[in-house]
Amino acid sequence: MGSHVGLTSRQLAALQERARSGDADLGEFRDIELDVERLLDADSRESYLAEKSAEVRAALADAHVILATSRTLIKTDSKDESLAIARSVSDAVVAVVREARAARPAWVVARGGITSHEVTANGLGIRRATVAGQSYPGQISMFTATNAPADVLGVPYVVFPGNVGGPDALADVVARIITAQAAAPAAQENRS
């Protein structure tokens, strides 16, 4: 989750709260934050990304992961510089997702329109997908990759565009995915 808009932050907080509440239907979650200031530090960026990627892969061995950027928006008075910052942050999210594929996540939800596209194309390597349906009112769609790397095929992928839904919408979508997968254990074979 890279989107920094207010609704996204409220939805993230609601998901984190539900995950911390010990809701047995959701299972265990780990929060992993990408600190935007550290992502923008050219001297330590690559080592920081390697550290966070390893943290995500390890966490996926026995938990669901909430990967999000820090909630502080960093920008400058220059539109070009602010766009470069946003691109750098987006590239970092994509890099961590690309590395996380090795842990074979059971599902992926990308929050934010641009973030969703970048995660789809560059993080997961999805080139073509089948729309499985609408997972929540407001154009939140679930896809299944049909042309993608082998470690991504069959993984439910939800595109959750910006400024959609109320404060609990993200938590509700995640709960639906987990509940559906628990009801269909054969679909989970070889997935963490």
Heavy-atom side-chain proximity of [X] to [Y] below 4.5 angstrom:
| X | Y | result |
| --- | --- | --- |
| V152 | R101 | yes |
| V159 | H117 | no |
| T115 | F160 | no |
| F143 | V158 | no |
| V155 | T144 | no |

Could you tell me whether the side chain of [X] and the main chain of [Y] form a donor-acceptor pair under 3.5 Å?
| X | Y | result |
| --- | --- | --- |
| Q181 | A106 | yes |
| S116 | P161 | no |
| Y157 | I126 | no |
| Q11 | G166 | yes |
| S90 | A86 | no |

Point to revise | Whether over 12 other heavy atoms sit under 6.0 Å from I85 CD1 | key: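 For I85, atom CD1 is crowded (more than 12 foreign heavy atoms under 6.0 Å).
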Review point. Above 12 or not: heavy atoms from other molecules or residues under 6.0 Å from CZ of R128?
Key: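 Incorrect, the count does not exceed 12.
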Quick one: closest heavy-atom pair of [X] and [Y], and the distance?
| X | Y | value |
| --- | --- | --- |
| D151 | R104 | CA-NH1, 3.2 Å |
| M142 | P156 | SD-CB, 4.0 Å |
| V65 | A59 | CG2-CB, 3.6 Å |
| I66 | Q16 | CD1-CG, 4.0 Å |
| R18 | A175 | NH1-CB, 3.8 Å |
| A14 | P167 | CB-O, 3.2 Å |

Check your understanding: Can you tell me how far the CZ atom of R127 sits from the OG1 atom of T120, to the nearest 0.5 Å?
Key -> 10.0 Å
Return yes if a side-chain donor-acceptor contact under 3.5 Å exists between [X] and [Y], otherwise no.
| X | Y | answer |
| --- | --- | --- |
| T76 | E81 | yes |
| D91 | S88 | no |
| T8 | R111 | yes |

Practice item. Salt-bridge test for R30 and E28: reply yes if a basic N is under 4.0 Å from a carboxylate O, no otherwise. Key: yes
Practice item. Inspect the contact between R87 and E118 and indicate whether a charged nitrogen and a carboxylate oxygen are less than 4.0 angstrom apart. Key: yes
Check your understanding: Residues in side chain to side chain contact (heavy atoms under 4.5 Å, CB included) with E55, at least two apart?
Key -> I32, K52
Point to revise | Sequence-distant partners of D168, side-chain hydrogen bond (donor to acceptor under 3.5 Å, both in side chains), two or more places apart | key: none
